[in-house]
Amino acid sequence: MGASNSKEEPVYIYGSEVPIGFTPQLKDVLEKGAATAQTSEGNSSTPSATSRDLADGIEKGVAKELARILEKNQLEELRSKERQSSTQELLGEIRDISQQIGAGTSDTQSFESAMVARDRVAACYKQHENRALNCWKEMGEFKNIVAAMEREFIAASS
């Protein structure tokens, strides 16, 4: 009969659906505050002084916990910004490489036109075996194309 009255009932806090958790540091501060409050009860003339000490201990513990959470959130934000900046750098590098590849297609086009001009010079020499001077137009076109390719190569390498 009397056994049920001597048992301490656990305290449940009902609120929002988010569980409340306390760090070990906060628990230590609260326990130390309670221990000092019990020892100072005999020394203190007013009970409000011990409750002030306890309240101060709780405030300090809560302030430390809030500072830790704030620091953690700031660190997560900084990491996400670093990820975004590295992503932007990668996209920039991809654009640069694709532009270089696009520039390479113009190189292939000029190479193909040089090959066509070379074939025209060779065909002209075959037609005019004894008169090589008759192929001066074809040879001039070939030289101009090769000179343009050299200028593009030098511009791209510098």
Side-chain angles (χ1 to χ4, degrees), residues 8-37 49-158:
E8 290 184 25
E9 292 292 323
V11 177
Y12 294 103
I13 299 174
Y14 295 100
S16 64
E17 294 179 10
V18 178
I20 298 173
F22 299 102
T23 63
Q25 293 91 5
L26 179 60
K27 290 178 184 177
D28 290 342
V29 169
L30 294 176
E31 288 173 359
K32 287 179 186 176
T36 56
T50 58
S51 64
R52 273 192 231 129
D53 292 339
L54 182 60
D56 289 343
I58 292 173
E59 285 181 23
K60 287 179 184 177
V62 169
K64 285 181 183 178
E65 184 67 18
L66 287 175
R68 186 188 66 79
I69 291 171
L70 181 62
E71 184 179 335
K72 182 180 176 183
N73 288 342
Q74 289 174 344
L75 184 62
E76 288 175 1
E77 288 176 12
L78 181 62
R79 287 180 181 162
S80 67
K81 286 179 184 178
E82 288 175 354
R83 280 188 229 121
Q84 289 174 353
S85 65
S86 64
T87 303
Q88 291 173 351
E89 290 173 3
L90 286 174
L91 290 174
E93 290 177 12
I94 290 171
R95 279 189 222 111
D96 292 343
I97 291 171
S98 64
Q99 287 175 354
Q100 290 175 356
I101 291 172
T105 58
S106 67
D107 290 343
T108 21
Q109 291 172 352
S110 59
F111 179 76
E112 289 173 2
S113 63
M115 297 307 284
V116 169
R118 182 196 67 172
D119 292 341
R120 276 191 245 139
V121 170
C124 182
Y125 280 140
K126 284 182 183 176
Q127 284 179 351
H128 307 287
E129 289 180 17
N130 295 334
R131 299 186 214 138
L133 294 178
N134 288 346
C135 300
W136 64 273
K137 288 181 186 177
E138 289 82 1
M139 194 61 195
E141 289 175 18
F142 179 69
K143 283 182 182 180
N144 290 337
I145 292 172
V146 170
M149 286 177 59
E150 288 173 349
R151 284 191 297 273
E152 287 178 14
F153 177 76
I154 291 171
S157 64
S158 57

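Below, all heavy atoms of this structure are taken into account, side chains as well, without hydrogens, waters or symmetry copies.
- Closest heavy-atom contact between Ser110 and Ser113: O-OG, 2.7 Å.
- Glu76 CD: more than 12 foreign heavy atoms inside a 6.0 Å radius.
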| field | Test log, rule side chain to side chain contact (heavy atoms under 4.5 Å, CB included), inputs Leu54 and Ile58 | value | CA-CA 6 Å; Leu54 182 60; Ile58 292 173; 4.1 Å; yes
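- Under the 4.0 Å criterion applied to side-chain N and carboxylate O atoms, Arg68 and Glu71 are not assigned as salt-bridge partners.
- The structure places CG of Asn130 at 11.0 Å from NE2 of His128, a figure rounded to the nearest 0.5 Å.
- Taking 4.5 Å as the limit, every side-chain heavy atom of Glu112 sits out of range of all side-chain heavy atoms of Val116.
- In this structure, Arg118 CZ and Ile145 CD1 are separated by 12.0 Å, a value rounded to the nearest 0.5 Å.
- Of all non-hydrogen atoms in Tyr125 and Met139, the two that sit nearest each other are OH-SD, 4.4 Å.
- Annotation: Leu133, atom CG; neighbour count of heavy atoms from other residues, nucleotides and ligands within 6.0 Å does not exceed 12.
- Scanning all heavy atoms of the two residues, the minimum distance from Glu141 to Arg120 falls at OE1-NH1, 2.7 Å.
- Judged as a disulfide bond (SG atoms under 2.5 Å apart), the pairs with a partner in residues 123-158 (not counting sequence neighbours) are, in order, Cys124-Cys135.
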| field | Check against side chain to side chain contact (heavy atoms under 4.5 Å, CB included), Gln74 and Leu70 | value | CA-CA 6 Å; Gln74 289 174 344; Leu70 181 62; 4.0 Å; yes
| request: Evaluate the criterion side chain to side chain contact (heavy atoms under 4.5 Å, CB included) for residue pair Phe142 and Glu138; output intermediate values, then yes/no. | output: CA-CA 6 Å; Phe142 179 69; Glu138 289 82 1; over 6 Å; no
